[in-house]
Amino acid sequence: MNKSVLALATAVALSLCTLSAYADPIKLKFSHVVAENTPKGQMATKFKALVSERLKDKVVVEIYPNGQLFGDNKVLEALLLGDVHLASPSLSKFKKYTKKLQIFDLPFLFNDMAAAEKFQQSKAGQSLLKTVEKKGLIGLGYMHNGMKQLSASKALHVPADAEGLKFRIMSSDVLSAQFEAVGGTPLKKPYSEVFTLLQTKAIDGQENTWSNIHSKKFYEVQNYITSSDHGLLDYMVVTSAEFWNGLPDDVRTELKKALDEAIAHGNKVAAEKSKSDKQAIIDSKRTTVIELSKEERQQWVDKMKPVWKKFEGIVGKDMLDAAIASNK
Ligand code: SIN
């Protein structure tokens with residue numbers, strides 16, 4: 001082969017490589033721990049559909065639900081290693097990356113989901129998304145699941161009923177303090193283990209939203225669920241700075257738009273499911289749903305709310321005041 005033929009062949013080979021590099025769509029793996037028929041599961045499905053409609057040849061979204069790829073205790077590490085690209089852990093699971101998000105776990109902080117939404121969209125709430133940045137993560141937005149309820153093998157009407165019981169909690173020190181405040185024993189366990197722990201009676205109870213209690217069938221292995229609305233279970237949709245900043249600008253802009261729309265859809269599903277899944281659980285007659293009287297609920301507030309003081313220094317007084325103000 002003479003020199004000019006060799007140069008031509010090299011140029012052709014190089015441009016083919018370049019073309020194929022552009023032709024390969026970016027693979028975006030989205031890992032989460034809940035079922036597909038939950039607010040987060042539905043948000044992920046919507047995101048995938050929007051991306052395939054708008055970025056067909058550029059990005060392919062793969063969803064891994066039910067913790068089949070990573071549990072929440074490993075997924076943030078996996079994001080940083082580039083093994084997955086999008087995740088949406090509960091705000092209670094960021095302790096290793098930022099302690100500021102612990103504010104969302106404070107019991108009886110938000111009167112309802114409207115207050116949680118107001119705080120999350122406020123300047124103070126938006127600044128909390130940035131607290132993961134020093135660890136190489138990017139908080140792309142909040143997403144709702146809903147208010148948590150208490151479930152147990154015995155009826156929980158007042159805090160004294162919880163004394164001596166073992167409760168599964170997410171990996172949050174606030175939640176630990178919350179159950180200690182009512183004389184319970186909190187145990188930090190992965191979501192994937194909760195059903196079996198309840199079924200085998202290794203633990204007595206847990207706290208979760210109506211959609212999680214329904215989709216994971218916790219109500220089939222718990223005799224009672226107290227409609228307590230005592231805390232919030234929401235999410236942060238998160239990616240790694242390395243992945244996100246490495247995307248072409250137009251792709252990143254479209255992905256963020258699709259994600260915002262998917263989150264809005266997921267939030268609608270969350271609002272609907274907090275009602276319909278509660279009703280489905282009542283209708284199943286597999287458990288008894290307890291409605292608290294005003295006086296009974298106040299007893300839970302009185303026992304759990306002092307936990308705020310313990311964490312005020314960590315989450316910041318100004319931030320706490322901003323969250324409290326969102327109830328107005
Ligand atoms: C989730 O909703 O992502 C899981 C919540 C939990 O761990 O209880």
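Computed from a predicted structure; not experimentally measured. Order of listing sets the numbers, starting from 1, for every ligand and every atom in it.
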With heavy-atom distances below 4.0 Å as the criterion, list the atoms of ligand 1 near [X].
| X | value |
| --- | --- |
| Val34 | 1 (C), 2 (O), 3 (O) |
| Val33 | 3 (O), 4 (C) |
| Met170 | 5 (C), 6 (C), 7 (O), 8 (O) |
| Asn212 | 1 (C), 2 (O), 4 (C), 5 (C) |
| Lys40 | 1 (C), 3 (O) |

Nearest to atom 6 (C) of ligand 1, what protein heavy atom do you find, and at what distance?
->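 Sorting protein heavy atoms by distance from atom 6 (C) of ligand 1 puts Tyr191 CD1, 3.3 Å first.
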For atom 2 (O) of ligand 1, closest protein heavy-atom neighbour =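 Closest protein heavy atom to atom 2 (O) of ligand 1: Tyr235 OH, 2.5 Å.
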Give a yes or no answer on whether the side chain of Trp210 reaches the backbone of Met147 with a donor-acceptor pair at less than 3.5 Å.
->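 Pair absent, no side-chain N/O of Trp210 close to backbone of Met147.
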Under 3.5 Å: donor-acceptor pair, side chain of Lys166, backbone of Leu187 |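 Between the backbone of Leu187 and the side chain of Lys166 there is no qualifying donor-acceptor contact (under 3.5 Å).
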Taking it one step at a time, do Glu62 and Lys27 satisfy salt bridge (charged side-chain N to carboxylate O under 4.0 Å, His left out)?
-> CA-CA 7 Å; Glu62 290 176 0; Lys27 199 184 275 182; 3.8 Å; yes
State which residues pass side-chain hydrogen bond (donor to acceptor under 3.5 Å, both in side chains) with Asn111; sequence neighbours excluded, sorted by chain then number.
->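 Partners of Asn111 by the side-chain hydrogen bond (donor to acceptor under 3.5 Å, both in side chains) criterion come out as none, since no residue qualifies.
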Partners of Thr226 by side-chain hydrogen bond (donor to acceptor under 3.5 Å, both in side chains), sequence neighbours excluded?
->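 By the side-chain hydrogen bond (donor to acceptor under 3.5 Å, both in side chains) rule, Thr226 matches no residue at all.
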When you check the side-chain N and O atoms of Asp105 and Ser92, is any donor under 3.5 Å from an acceptor?
->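 On atom types as modelled, these side chains qualify, holding a pair under 3.5 Å.
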Looking only at side chains, do Asn145 and Ser211 share a donor and an acceptor under 3.5 Å apart?
->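 Per modelled atom types, Asn145 and Ser211 side chains form a pair under 3.5 Å.
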Which is closest to atom 8 (O) of ligand 1 in terms of heavy atoms, Lys216, Arg168, Glu193, Lys93?
->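 Looking at heavy atoms only, Arg168 sits closest to atom 8 (O) of ligand 1.
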Polar proximity ligand 1 side, Asn208 side, N/O cut 3.5 Å exclusive =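 Yes, at least one N or O pair falls under 3.5 Å.
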Residue portion contacting ligand 1 (non-hydrogen atoms closer than 4.0 Å) for Glu207 |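 It is neither; nothing of Glu207 touches ligand 1.
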Taking heavy atoms and a distance under 4.0 Å, where does Val194 meet ligand 1: side chain, backbone, both or neither?
->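 Neither; no heavy atom under 4.0 Å.
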Using the six-membered ring of Phe30, assess whether NZ or CZ of Lys48 lies under 6.0 Å from its centre and within 45 degrees of the ring axis.
->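 Geometry flag: not set, cation outside 6.0 Å or 45°.
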